[in-house]
Student: 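Sharing a structure with you now.
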Amino acid sequence: MAGRAVRQSSKANKVVVGYRFIVSALLALVFITTVALLYTEGSSSQTVTLDRAYTSNYLHSYLTRTILALSSKTEPLKIKAEFLFKQANDQVTILNAYAAFARKGKLDVAKQVLSFTDQVETFTELMNKPEYLAMIESFEIEPETLRSFERDVKERLKVSRQLILDTKELVDNQLKIQKLKDTIFSVNDQLSKAKKQGAFANLIAAKSIPKSLHCLSMRLMEECISHPDRYARDAEPAQEWEDPKLYHYAIFSDNVIATSVVVNSVVKNANEPQKHVFHVVTDKMNIGAMTVWFKVKPPKKAHIEVKSVEDYSFLSSSYVPVLRQLESTKLQHLNSNSKMANATKHVPNMKVHNPKSLSMLDHLRFYLPEMFPKLQKILFLDEDVVIQKDLTGLWKIDMEGKVNGAVETCFGSFHRYEKYMNFSHPLIKSKFDPNACGWAYGMNIFDLHAWRLEKCTEEYHHWQTLNENRTLWKLGTLPPGLMTFYKTTKPLDKFWHVRGLGYNPNINIDKIKNAAVIHFNGNLKPWLDLAIPQYKHFWTKYIDYAMEYVQLCNFGH
């Protein structure tokens with residue numbers, strides 16, 4: 001090993017000597033050339049001589065610098081020294097970058113930042129030492145000085161690289177966390193916008209009138225206008241309509257096909273259909289179509305009365321607070337200059353843009369005793385329900401003096417009173433229990449005698465008047481219903497009323513089949529194309545597809 005080292009050292013010395021010899025020879029050649037240029041033309045003018053002298057000196061100086069520079073670049077010790085300086089400078093750049101990033105990102109690497117700074121100062125002090133700095137500025141380098149510089153650089157490189165390695169994982173994780181946070185924030189923002197737009201689009205699709213349904217109404221109205229005598233309404237009420245011994249149903253709707261499904265499903269599942277009476281109330285726009293339908297296709301053996309909201313003279317704005325509010329809301333709605341795109345910014349309040357929320361049909365349920373003064377009990381049914389069992393058992397339930405018989409909808413903390421009312425308002429807070437269980441509209445048995453005794457209509461008027469500025473609840477009929485029938489509602493067995501077929505695709509099919517009434521509450525109504533497919537046949541099987549008007553309007557199976 002020692003012999004090999006001696007041989008390598010000898011070889012390096014020979015290379016150095018060879019380079020020096022070549023440089024000396026080149027310098028001698030330049031000197032001879034310069035002398036020749038100065039004395040070849042002695043008879044020239046003094047000016048030319050000076051120019052030549054100047055040119056020769058310049059050429060000599062230029063060639064000398066060039067040759068020395070070339071010789072220094074090719075000298076191994078010089079190359080190695082420059083390489084070590086470059087390594088040190090590169091490491092300083094990396095250390096500064098890590099320190100700057102850590103400061104800017106406010107990462108939890110304060111100790112590392114200080115270490116980076118210390119390492120940068122160490123490298124700077126090392127490169128600025130006179131003996132090491134001289135290696136770059138001079139042409140002759142002492143091997144011992146170079147070895148010392150190399151040793152110092154490598155020691156510092158080892159320390160700084162380990163520092164970067166220790167810090168890199170923390171910095172990378174912080175970067176990933178920050179990037180993930182930014183991504184989550186961006187996705188949440190996009191999701192929020194998409195939900196609002198989707199909810200608005202869903203509302204538009206759900207509340208729009210399908211072409212087939214519009215066609216049916218138009219054809220029925222055409223028939224009514226063409227034959228007014230044939231479809232004239234009875235001037236006097238039939239005896240069955242006011243017979244308290246029969247089973248009476250109240251259906252308030254402007255949807256002809258939906259109303260027919262409710263009536264057909266009750267009659268087909270009734271043990272004694274001749275004892276069932278249907279009171280259908282619609283608006284003046286659809287009264288003609290509804291009349292024609294049930295004249296052409298009356299329920300077998302059962303009795304039906306079709307009336308318009310306008311037939312009830314007591315429903316005036318002087319008596320009904322909601323009518324005053326509806327007229328005001330309708331006026332505001334008509335005068336609104338807001339664009340449709342802006343409606344998506346307030347998804348919870350989009351019911352304001354639903355024309356049905358401006359209809360008195362939704363609020364008739366609070367006037368049942370006055371609409372049917374001779375009846376003692378009545379079953380209220382929504383237009384989006386289907387009856388699958390005989391319902392006469394509901395009239396036999398002991399109401400225990402309660403007004404409203406309904407299926408409760410609360411479970412755990414869901415669908416409690418606090419969901420529907422503003423409990424920050426002192427009136428609400430002092431009157432109601434926020435944890436009281438909510439119940440469902442859609443299938444409600446009302447004891448009209450108890451209703452009159454409890455003066456529930458007056459209670460409803462009281463709360464409706466107080467809520468004129470929408471501070472007690474926002475919109476809808478369920479909140480005022482919960483308030484009006486607070487502590488006067490009797491819970492019914494859940495078998496009577498299964499809900500959610502208009503929004504929940506995961507309801508147990510056996511539960512649906514065993515229910516007395518199924519309810520397509522939600523936006524996915526069964527008469528729409530966007531209805532939940534696995535539930536739709538429960539509704540469509542009660543449509544009479546053989547009827548002429550149904551065929552003309554292309555109602556699909």
Side-chain angles (χ1 to χ4, degrees), residues 176-211 213 255 258 329 332-333 336-359 362 382-384 409-425 434 438-442 467 469-482 498-508 512 518-536 539:
K176 291 174 184 176
I177 291 170
Q178 187 60 45
K179 187 174 181 180
L180 184 60
K181 285 181 179 179
D182 292 343
T183 303
I184 291 172
F185 178 81
S186 176
V187 170
N188 280 337
D189 186 51
Q190 293 176 17
L191 180 61
S192 178
K193 291 178 180 178
K195 279 183 175 179
K196 289 180 181 179
Q197 293 172 355
F200 186 75
N202 197 345
L203 183 71
I204 293 297
K207 302 306 178 185
S208 299
I209 301 175
K211 183 179 178 180
L213 192 59
N255 187 326
T329 305
Q332 293 172 12
H333 179 70
S336 174
N337 294 321
S338 61
K339 296 181 180 179
M340 189 66 72
N342 292 334
T344 59
K345 296 179 181 178
H346 306 286
V347 176
N349 294 326
M350 285 193 298
K351 285 185 72 176
V352 174
H353 300 276
N354 176 13
K356 200 163 185 179
S357 69
L358 304 175
S359 171
D362 266 5
D382 264 345
E383 63 181 12
D384 53 354
T409 57
C410 62
F411 56 96
S413 60
F414 295 96
H415 290 185
R416 302 283 175 176
Y417 267 49
E418 63 181 355
K419 172 181 171 63
Y420 304 101
M421 291 169 262
N422 178 20
F423 273 87
S424 63
H425 197 289
W439 44 266
Y441 264 134
N467 193 47
N469 57 0
R470 306 292 187 198
T471 56
L472 305 184
W473 72 89
K474 293 300 181 184
L475 291 168
T477 54
L478 182 55
L482 295 173
V498 171
R499 306 169 68 253
L501 280 74
Y503 67 88
N504 183 4
N506 300 314
I507 303 173
N508 184 278
I512 294 174
I518 55 175
H519 194 173
F520 288 83
N521 60 303
N523 284 335
L524 309 181
K525 301 301 184 186
W527 54 84
L528 301 175
D529 291 336
L530 46 77
I532 300 173
Q534 64 265 32
Y535 303 150
K536 196 165 184 176
W539 185 81

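Model, not experiment: these values are computed from the prediction.
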Student: Quick one: closest heavy-atom pair of Ala258 and Trp527, and the distance?
Tutor: CB-CZ3, 3.6 Å
Student: Go through Lys474 and Asn422 one step at a time and tell me if the side-chain contact (heavy atoms from CB on, under 4.5 Å) criterion holds.
Tutor: CA-CA 9 Å; Lys474 293 300 181 184; Asn422 178 20; over 6 Å; no
Student: Keeping Asn467 on the side-chain end and Trp473 on the backbone end, is there a donor-acceptor pair under 3.5 Å?
Tutor: yes
Student: With side chains defined as the heavy atoms from C-beta onward, is the minimum distance between Pro434 and Arg416 less than 4.5 Å?
Tutor: no
Student: Working to the nearest 0.5 angstrom, can you tell me the gap between Gln190 CD and Lys195 NZ?
Tutor: 13.5 Å
Student: I need the Leu482 CG to Trp439 CH2 distance, nearest 0.5 Å.
Tutor: 5.5 Å
Student: Closer than 3.5 angstrom, by distance alone: can the side chain of Tyr535 be matched with the main-chain N or O of Ile507 as a donor-acceptor pair?
Tutor: yes
Student: Just checking Asn469: does its CG atom have more than 12 heavy atoms from other residues, nucleotides or ligands closer to it than 6.0 angstrom?
Tutor: yes
Student: Provide the closest heavy-atom pair for Pro480 versus Gly476 in the form atom of the first, atom of the second, distance.
Tutor: CD-O, 3.5 Å
Student: Would you give the length of the straight line joining atom CG of Asn188 to atom OG1 of Thr183, rounded to the nearest 0.5 angstrom?
Tutor: 11.0 Å
Student: Can you confirm whether Met421 sits close enough to Leu472 that some side-chain heavy atom of one is under 4.5 Å from a side-chain heavy atom of the other?
Tutor: no
Student: So among Ile532, Ile518, Leu524, which one has a side-chain contact (heavy atoms from CB on, under 4.5 Å) with Leu501?
Tutor: Ile518
Student: With rounding to the nearest 0.5 angstrom, report the CD1 to CG distance, Ile184 to Leu191.
Tutor: 12.5 Å
Student: Within the side chain of Lys525, is there an N or O that forms a donor-acceptor pair under 3.5 Å with the backbone of Phe520?
Tutor: yes
Student: How close do His415 and Cys410 get, counting heavy atoms only, and between which atoms?
Tutor: O-CB, 3.6 Å
Student: Measure across Pro526 and Ala531 and return the closest heavy-atom pair with its distance rounded to 0.1 Å.
Tutor: CA-CB, 3.8 Å
Student: Quick check for you: to the nearest 0.5 Å, what is the distance between Asn521 atom CG and Leu478 atom CG?
Tutor: 10.5 Å
